[in-house]
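Note that these values count all heavy atoms, side chains included, but never hydrogens, waters or copies made by symmetry.
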Amino acid sequence: MNKDFCKAFVKVIVTIVDRGKGQRVADIFMAHHLHFHYVCLGLGTAGSEILDYFGIGETDKDVVFSLIPAFKVPELLDEIVEKMQIKKPGHGIAFTMPLSGISALFTQALMKEQEIKKEGEVLNMECDIKYDLILTVINHGYSDQVMEAAKKVGATGGTILHAREIGHEETEKFFGISIHPEKEIVAILVKRETKHDIMQAISQAAGINTPARGLILSLPVDNIIGIEL
């Protein structure tokens with residue numbers, strides 16, 4: 001049982017939908033006067049039969065990161081389910097992650113004073129974290145190795161984001177190895193009890209001492225809709 005992650009006024013909702021539908025997700029939140037949204041282009045990695053079964057659909061994705069008040073999570077997840085039909089096969093997934101910290105200005109921008117007070121009344125609620133999001137940051141072109149290793153120990157699929165490392169020269173000095181600035185980020189949702197085995201398998205196949213130069217980390221996930229792990 002992990003209580004610390006529940007003590008946050010603000011959470012991140014991550015919504016993964018087919019390419020072109022990210023704006024519709026943002027519009028749902030903006031109708032509630034919530035305006036902090038960041039959309040990335042992603043690529044689904046599950047096989048076609050898994051994509052169909054888990055409701056992920058086509059492989060080209062919009063990945064929407066939204067900051068919302070924690071007490072509005074149930075209402076907004078219900079609205080995403082209704083308007084985006086996420087529980088139907090091929091319509092995407094959504095999950096929430098608690099924050100361990102955020103700028104006070106963001107909190108004030110997201111919540112009114114009475115809402116902050118209301119949220120403070122439920123901070124001591126216990127929270128049972130059952131899932132994790134494993135993020136693997138690797139050199140461009142090594143996402144297949146990450147997914148192959150993860151699937152061998154129980155992962156079903158993931159999403160790839162393209163990125164570029166800034167300040168990689170300092171990273172090279174720290175590790176004493178060459179670091180390519182073009183990166184891919186492989187995001188995999190897993191059950192908490194499988195996290196260690198999957199991260200270990202990824203590390204062996206694509207860790208920092210391999211050509212992939214992988215950095216592997218995990219984040220707690222406290223709500224999931226649109227997929228059964």
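In plain terms, the two heavy atoms of A150 and I198 that are nearest each other are CB-CG2, 3.9 Å. Of all heavy-atom pairs spanning T210 and S203, the tightest one is CG2-O, 4.4 Å. Annotation for A149 and A205: closest pair CB-CB, 3.6 Å, computed over non-hydrogen atoms. Residue V64 comes nearest to S66 through the heavy atom pair CG1-OG, 3.6 Å, listed as atom of the first residue, atom of the second, then distance. Residues C40 and L161 come closest through the heavy atom pair CB-CD2, 4.0 Å. For A206 against I138, the heavy-atom pair with the smallest separation is O-CG2, 4.1 Å.
Residue L135 is grouped with residue F65 when hydrophobic side chains (ILVMFWY) are merged at heavy-atom distances under 4.5 angstrom, including chains of intermediate members. One hydrophobic cluster, built from ILVMFWY side chains closer than 4.5 Å, holds both L217 and V137. I93 and L41 end up in different hydrophobic clusters when Ile, Leu, Val, Met, Phe, Trp and Tyr side chains are linked at under 4.5 Å. Linking ILVMFWY side-chain heavy atoms closer than 4.5 Å, directly or via other members, places L133 and Y38 in a single hydrophobic cluster.
Between H37 and F29, the ring centre distance stays below 6.0 Å.
The side-chain heavy atoms of T15 and I86, taken from C-beta on, include a pair separated by under 4.5 Å. Side chains of V12 and L67 form a contact here, defined as non-hydrogen atoms less than 4.5 Å apart. Annotation: side chain of I188 is in contact with side chain of M147 (closest heavy-atom distance under 4.5 Å). M84 has its side chain within reach of V17: a pair of non-hydrogen atoms, C-beta onward, lies under 4.5 Å apart. Taking 4.5 Å as the limit, every side-chain heavy atom of I185 sits out of range of all side-chain heavy atoms of I160. You'll find the side chain of I225 stays beyond 4.5 Å of the side chain of F95, heavy atoms only. Between L77 and T96, some side-chain heavy-atom pair lies under the 4.5 Å cut-off. Counting heavy atoms from C-beta outward, D222 and K11 have side chains that approach closer than 4.5 Å.
The closest donor-acceptor contact from the side chain of R192 to the backbone of V221 lies at 3.5 Å or more, if one exists at all. Of the possible polar contacts, one joining the R213 side chain to the I208 backbone as a donor-acceptor pair under 3.5 Å is found. In this structure a side-chain-to-backbone donor-acceptor pair under 3.5 Å is missing from N223 to V73. Remark: side-chain polar atoms of D132 are not paired, donor with acceptor, to backbone N or O of K195 under 3.5 angstrom. In this structure, Q85 contributes its side chain and E82 its backbone to a donor-acceptor pair below 3.5 Å.
Atom NZ of K21 is surrounded by more than 12 heavy atoms from other residues, nucleotides or ligands within 6.0 Å.
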After noting the C-alpha distance and the side-chain angles of E79 and K72, does the key distance pass the side chain to side chain contact (heavy atoms under 4.5 Å, CB included) rule? CA-CA 11 Å; E79 193 164 342; K72 294 184 72 70; over 6 Å; no
Start with the C-alpha distance between Q23 and D27, add both sets of side-chain angles, then the distance that settles side chain to side chain contact (heavy atoms under 4.5 Å, CB included), and finish with yes or no. CA-CA 6 Å; Q23 184 61 52; D27 288 343; 2.8 Å; yes
Pair R19-D62, salt bridge (charged side-chain N to carboxylate O under 4.0 Å, His left out): steps then yes or no: CA-CA 5 Å; R19 185 70 52 83; D62 283 348; 3.5 Å; yes
Chi angles and distances behind the side chain to side chain contact (heavy atoms under 4.5 Å, CB included) call for D60, D18: CA-CA 6 Å; D60 289 337; D18 288 340; over 6 Å; no
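Distance check, rounded to the nearest 0.5 Å: CG of N209 to CD of Q204 gives 12.0 Å. Atom CD of Q145 sits about 12.0 Å away from atom CD1 of I202, to the nearest 0.5 Å. Here I224 contributes atom CD1 and K191 contributes atom NZ; the two are 10.0 Å apart, rounded to the nearest 0.5 Å. Between the CG atom of D197 and the CD atom of Q200 there is a distance of 6.5 Å, given to the nearest 0.5 Å. For the atom pair M199 CE and I216 CD1, the distance stands at 6.5 Å (nearest 0.5 Å). Put simply, CG on L76 and CD1 on I13 are 5.5 Å apart, with the number rounded to the nearest 0.5 Å.
For E184 and H140, the side-chain atoms include at least one donor-acceptor pair closer than 3.5 Å.
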